[in-house]
Trainee: 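Quick one: the structure is below, and I'll ask about it shortly.
Residues: numbered from 1 along the sequence shown. Atoms within each ligand, like the ligands themselves, are counted from 1 in listed order. What you are looking at is a predicted structure, and each value in this text was computed from that prediction instead of being measured.
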Amino acid sequence: MGTLFKNGTVVTASDMVQADVLVEGEKVVLIGQNLPTQGHEVINCEGKYLMPGGIDVHTHLDLPFGGTFSNDDFDVGHKAAAFGGTTMHIDFVNQPRGGSLHDGLVTWREKAKPSQIDYGFHMIISDLRDDVMDEIPSLLDEGITTVKLFMAYKGVFQIDDNTLYKAMQVAAKHGMIVMVHAENGDVEAQLRSQLLAEGKTDPIYHYSSRPPEIEGEATNRAVVLAGLTGCHLYVVHVTCIPAIDALRRGRQLGYPVMGETCVQYFHVTRDHHLGAPGFEGAKYVCSPPVRNEEHHQALWQAFKDDTLQAISTDHCDFWYEGGVGPWQQWEKDHKGGQWAEYEKQDPTYRRPGKELGKGNFAKIPNGMPGIEDRMMVMWELGVNSGKFSPSRFVELMSTNPAKIFGCYPQKGTIAPATDADIVVWDPNAKHTISASTHHMRCDYNVYEGMQVTGVPQQVYLRGKRIVDGNIWLGKNGEGKYVRRIPNAPVL
Ligand code: DUC
Ligand code: ZN
Ligand code: ZN
């Protein structure tokens, strides 16, 4: 007996066809018209789109960062992702200081034990000693094709150009991809200390310490090094005109360079959000910072001319006021996974959040929630506005991520023999996004009050229904690690 999705419109990156989809076990086995229903569970998909599950290739679950840990873990974060139509994500493993890459992997495998959706790992390298450089190719044995290097966060993650260049040579030799967080960390450190010395401590000065120029400069440097080494480069969270220009120029020169942006960079603004009165702007502190309208427009253009290839979230959420009000109850109601472990050790424990940066913008933990909102917000901003067709939406949110990161066509499309990660999407259903109803462990939502038309109605992970409207049907441990393969194409 299989599951037969009847009379929906199957949306892939290339086509939209009215068809039935038969799933047996974990796989799609047949797509056709008028498929016989006998012996199958039939799901009536009339008026619905059938799309491959979303793939968010940039998340930080349970990340030690900024003097605390990001809130969502591989339990709650997975559930939230699935309620938003995302069935796979790729999280960043941190190499511990002084440790090996494999030490980092051991920690992240432990974190991932309660998984409820599928996941992969990228490897953040912050301490690129000779032995670590030699270790890079062995990541392929672990199904990891991507290393991420930071050109920012001086004294924490930042690597120098010499190291970046050498790492690119190694990655190029083994068909791996170098991902960069591109901001000039030396200039940022200088600007930051000048601003603080002048008493400029409010959240808005986070922006002044990280202007578009330093993102553009670092992006250009990484693009040029990729051109020199032939290394495939993926620039994460591109936000602004100078960075887009650098990537566009590199691609015009035939360099193997690609990039993504994140949902928030289309919507959240420096003036309205980051510049909100009091400490409110801390909610929107992330790096690179959110930009104003002219940069939002440039991002839309960058998708029109294929300068950028994917849209992720950089999901990395922290409490705004987690210790007070209904959020204490929230913590009690949502025990599970890694979080429960902390509580066992100390029942009064609460992760510090944005308040760490009161009186000093540089101490505000960087990041915001988004893993649950990504699909709905991009459908609203992209498809409902007429900027993206449904197929283009699928391409940017699922197919390109799978192709670039070496797991296509197992993931990222609906076709015979692929994993049956299927979202039954109702393009007419309406929803108002709010922290009071979302599933992320966060006391605010960046898109609070946004009305969206188009929501995931049911979500299937490898053939198993895990979301049905508001009902959660998934189980801890049912998410699987996805091994990825190297030598992916440059899109
Ligand atoms: N930027 C963020 O805002 N959070 C996590 C890491 C990063 O680079
Ligand atoms: Zn980053
Ligand atoms: Zn990130």
Side-chain angles (χ1 to χ4, degrees), residues 56-73 77 89-95 104 108 119-126 146-159 164 177-185 188-189 192 203 206-207 209-210 214-215 218-219 222 233-240 243 259-265 267-268 270 273-274 281-291 310-320 351-354 356-357 361-371 374 401 405 440 442 444 446:
D56 187 346
V57 295
H58 187 160
T59 63
H60 301 282
L61 298 182
D62 197 28
L63 174 76
F65 192 53
T68 181
F69 284 76
S70 60
N71 270 0
D72 279 316
D73 56 20
H89 72 116
I90 311 185
D91 207 70
F92 287 88
V93 174
N94 262 12
Q95 173 199 12
W108 252 258
Y119 61 96
F121 290 139
H122 307 293
M123 178 61 69
I124 289 177
I125 309 182
S126 48
T146 34
V147 294
K148 181 181 179 192
L149 301 168
F150 283 83
M151 302 169 84
Y153 295 115
K154 195 173 169 65
V156 185
F157 292 123
Q158 188 177 330
I159 44 95
L164 177 57
I177 297 175
V178 166
M179 308 169 84
V180 289
H181 174 129
E183 289 179 291
N184 184 320
E188 181 274 324
R192 184 190 345 135
H206 173 73
Y207 187 97
S209 70
R210 308 180 96 110
I214 72 166
E215 186 186 333
T219 304
L233 174 74
Y234 182 89
V235 183
V236 298
H237 50 44
V238 171
T239 73
C240 62
E260 64 168 26
T261 192
C262 308
V263 185
Q264 59 269 28
Y265 295 117
H267 177 74
V268 185
R270 177 192 67 184
H273 295 91
L274 195 54
K283 292 177 179 174
Y284 310 102
V285 165
C286 62
S287 294
V290 294
R291 314 288 187 193
I311 300 170
S312 68
T313 58
D314 202 4
H315 177 86
C316 188
D317 56 352
F318 302 96
W319 294 122
Y320 180 61
R351 287 184 180 193
K354 296 281 184 180
L356 287 171
F361 71 83
K363 292 196 172 151
I364 301 170
N366 283 204
M368 58 176 84
I371 200 167
R374 184 181 72 118
F405 294 107
M440 296 177 286
C442 195
Y444 70 98
V446 174

Trainee: For the Zn ion (ligand 2), find the closest N/O/S atom belonging to His181 and write down its atom name.
Mentor: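 It is ND1, the N, O or S atom of His181 closest to the Zn ion (ligand 2).
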Trainee: Within 2.8 Å of the Zn ion (ligand 3), is there any N, O or S atom belonging to His60?
Mentor: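 Yes, within the cut-off.
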Trainee: Assess Lys283 against Tyr320: is NZ or CZ under 6.0 Å from the centre of the six-membered ring, and within 45 degrees of the ring's axis?
Mentor: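 Yes.
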Trainee: Have Thr59 and Asp91 got a donor and an acceptor in their side chains that come within less than 3.5 Å?
Mentor: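 A donor-acceptor contact under 3.5 Å links the two side chains.
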Trainee: So do Arg210 and Asn366 actually touch side chain to side chain, heavy atoms under 4.5 Å?
Mentor: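 The answer is yes, as the side chains (C-beta and beyond) meet within the 4.5 Å cut-off.
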Trainee: Does any N or O atom in His60 lie less than 3.5 angstrom from one in ligand 1, N or O only?
Mentor: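 In this structure, His60 places no N or O atom under 3.5 Å from an N or O of ligand 1.
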Trainee: Kindly say whether Pro365 contributes a backbone atom to a donor-acceptor pair with the side chain of Lys354 at under 3.5 angstrom?
Mentor: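 Yes; at least one donor-acceptor contact below 3.5 Å.
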Trainee: Can you classify the ring geometry of Phe405 versus His122 as parallel (below 30°), tilted (30 to 60°) or perpendicular (above 60°)?
Mentor: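 The rings of Phe405 and His122 stand perpendicular, inter-plane angle above 60°.
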Trainee: Within the structure, is a non-hydrogen atom of His237 found at a distance of less than 4.0 Å from ligand 1?
Mentor: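 Checking ligand 1 against His237, which is what was asked, there is a heavy-atom contact under 4.0 Å.
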Trainee: Under 4.0 Å, heavy atoms only, figure out whether ligand 1 is touched by the backbone of Leu63, its side chain, both or neither.
Mentor: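 No part of Leu63 is near ligand 1 at this cut-off.
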Trainee: Nearest to atom 4 (N) of ligand 1, what protein heavy atom do you find, and at what distance?
Mentor: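 That would be Asn366 O, 3.0 Å.
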Trainee: Side-chain donor-acceptor pair under 3.5 Å between His315 and His60, yes or no?
Mentor: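 There is no such pair (donor and acceptor under 3.5 Å, judged by atom type) between the side chains of His315 and His60.
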Trainee: I'd like to know whether Tyr284 forms a ring pair (Phe, Tyr, Trp, His ring centres under 6.0 Å) with His206, so could you lay out the CA-CA distance, the side-chain angles of the two residues, the decisive distance to 0.1 Å, and finally the verdict.
Mentor: CA-CA 10 Å; Tyr284 310 102; His206 173 73; over 10 Å; no
Trainee: Of all the atoms in ligand 1, which lie at a distance below 4.0 Å from a heavy atom belonging to His181?
Mentor: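 It comes down to these atoms of ligand 1: 8 (O).
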Trainee: Can you report which non-hydrogen protein atom sits closest to atom 7 (C) of ligand 1, along with the distance?
Mentor: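 Residue, atom and distance for the closest contact: Tyr153 OH, 3.4 Å.
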Trainee: Under 2.8 Å from the Zn ion (ligand 2) - does any N, O or S atom of His58 fall there?
Mentor: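 Coordinating: no.
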Trainee: Within a distance under 4.0 Å of any heavy atom of Gly367, pick out the atoms of ligand 1 and give their elements.
Mentor: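 Within the 4.0 Å cut-off of Gly367, ligand 1 contributes 3 (O), 4 (N).
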Trainee: Could you tell me whether the side chain of Gln158 reaches within less than 4.5 Å of the side chain of Ser126, counting heavy atoms only?
Mentor: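 In short, these two side chains do not touch, never coming nearer than 4.5 Å.
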Trainee: Of the side chain and backbone of Cys286, name the one, both, or neither that has a heavy atom under 4.0 Å from an atom of ligand 1.
Mentor: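 It is both parts that get close, each with some atom under 4.0 Å.
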Trainee: If we ignore angles and hydrogens, is there a donor and acceptor under 3.5 Å between the side chains of Glu183 and Ser287?
Mentor: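 Short answer, no.
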Trainee: Is the closest N or O pair between Ser287 and ligand 1 shorter than 3.5 Å?
Mentor: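 N/O-N/O distance under 3.5 Å: yes.
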Trainee: Restricting to N, O or S, what is the name of the atom of Asp314 that lies nearest the Zn ion (ligand 3)?
Mentor: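 In Asp314, the heteroatom (N, O or S) nearest the Zn ion (ligand 3) is OD1.
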